[in-house]
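As the structure lists them, so they are numbered: ligands from 1, and atoms in each ligand from 1.
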Amino acid sequence: MTDLPLSSSLEPDRENLPRHIAIIMDGNGRWAQSRGLMRLIGHKAGVNTVQKIVKAAREIGIEVLTLYAFSSENWKRPAKEVSGLMSLLKTYLESEISSMQENSISLRCLGRRENLPEDIRETLNASIAKTAGNRGLILNLALSYGSRDEIVMAARETAKLCLAGKLDPDQLTEEIFADHLYTAGLPDPDLIIRTGGEFRLSNFLLWQASYAEIFVTDIHWPDFTRENFITAIADFQQRQRRFGKTGDQISDDSQSQTI
Ligand code: FPP
């Protein structure tokens, strides 16, 4: 992947970058309400942040960026908010396709695309197809996404393979199971950022988040900047990831790697 020049003075350390960053973009509603504005204005401001953070991720050299844009539970919001969000999504997809091509961004979707309105599904499918060959950044939009639903879907698919005699249940591994998730073939998220101050995963990437580092900030998504993004990456870079081992073992491992 070619690194792009950075468009701000705050430089991330390019060593030990997270390969995959996933973001729970929370706080649009509160951002708007605290200004006496309609919630949808908060979502609109949130789209500007999406544009900035996608650009930053590409410049920094992140391989995969996953954005939680609409959960399977978000359909329960007032109809006006849901239709407003769908309309913002359509405008975003239409306006960003040229920038995705210029910046070699490959768009993908995690979630039940079939639940999206037809016009959005078509625009989304077209953008995914057009950008499929791009190698700069994989941008996953989680849309009508629920992690438990995704896990059940993978269980169903692997059960079907067993019933068809194509898979021995005793040979089912974590890797085979993960190949039936929306994120098949992608590295698990190393870093999950949540804006808006809540300490929860909200049915987001529950399987894939097993060893993710979690960074929560009180900043509402519309106020989240490129600098905040770099700060979250720097915080990640300070952490020791032990994957179940002891701290001493990790130090020994890293010493033997440098010998
Ligand atoms: C959570 O904030 C945010 C959402 C449910 C939607 C996120 C959508 C966007 C950022 C814009 C559309 C995205 C794209 C990719 C075009 P909230 O409404 O729950 O905020 P609150 O907790 O303050 O009420």
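Looking only at protein heavy atoms, the nearest one to atom 4 (C) of ligand 1 is His43 CE1, 4.0 Å. Looking at atom 22 (O) of ligand 1, its nearest protein heavy atom turns out to be Asp26 OD1, 2.9 Å. Scanning all protein heavy atoms for the shortest distance to atom 3 (C) of ligand 1 gives Met25 O, 3.2 Å. The shortest contact between atom 12 (C) of ligand 1 and any protein heavy atom is with Val47 CG2, 3.9 Å. The single protein non-hydrogen atom nearest to atom 9 (C) of ligand 1 is Asn28 ND2, 3.7 Å, given as residue, atom name and distance. Among all protein heavy atoms, the one lying closest to atom 6 (C) of ligand 1 is Ala69 O, 3.3 Å. For atom 20 (O) of ligand 1, the closest non-hydrogen atom on the protein side is Gly29 N, 3.1 Å.
Here Arg39 has side-chain heavy atoms under 4.0 Å from ligand 1, and that is the only part of it that gets that close. Contacts of Arg77 with ligand 1, taken as heavy-atom pairs under 4.0 Å, involve the side chain alone. Looking at Phe70 against ligand 1, nothing comes within 4.0 Å, counting heavy atoms. By the criterion of a heavy-atom distance under 4.0 Å, the side chain of Asn74, and not its backbone, is placed next to ligand 1.
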Could you walk me through whether Ile21 and Ile193 pass the side chain to side chain contact (heavy atoms under 4.5 Å, CB included) test, one step at a time?
-> CA-CA 7 Å; Ile21 301 181; Ile193 299 173; 3.9 Å; yes

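Nearest heavy atoms, Gly146 versus Asn203: CA-ND2, 3.6 Å.
At least one side-chain heavy atom of Tyr92 sits under 4.5 Å from a side-chain heavy atom of Gln51. The shortest distance between side-chain heavy atoms of Leu107 and Leu141 falls below 4.5 Å.
With hydrogens and angles disregarded, no donor-acceptor distance shorter than 3.5 Å links the side chain of Thr66 to the backbone of Asn140.
No salt bridge links Arg194 with Glu198; every basic N to acidic carboxylate O contact stays at or beyond 4.0 Å.
At most 12 non-hydrogen atoms from other residues, nucleotides or ligands lie less than 6.0 angstrom from CZ of Arg148.
With no hydrogens or angles considered, a side-chain donor-acceptor pair links Thr225 and Asn228 at under 3.5 Å. Using a 3.5 Å distance cut-off with no hydrogens or angles, the side chains of Trp75 and Ser144 do pair a donor with an acceptor.
Atoms of ligand 1 found under 4.0 Å from any heavy atom of Tyr92, numbered from 1 in the order shown, are 16 (C). Atoms of ligand 1 found under 4.0 Å from any heavy atom of Trp221 (numbered from 1 in listed order, with element): 10 (C).
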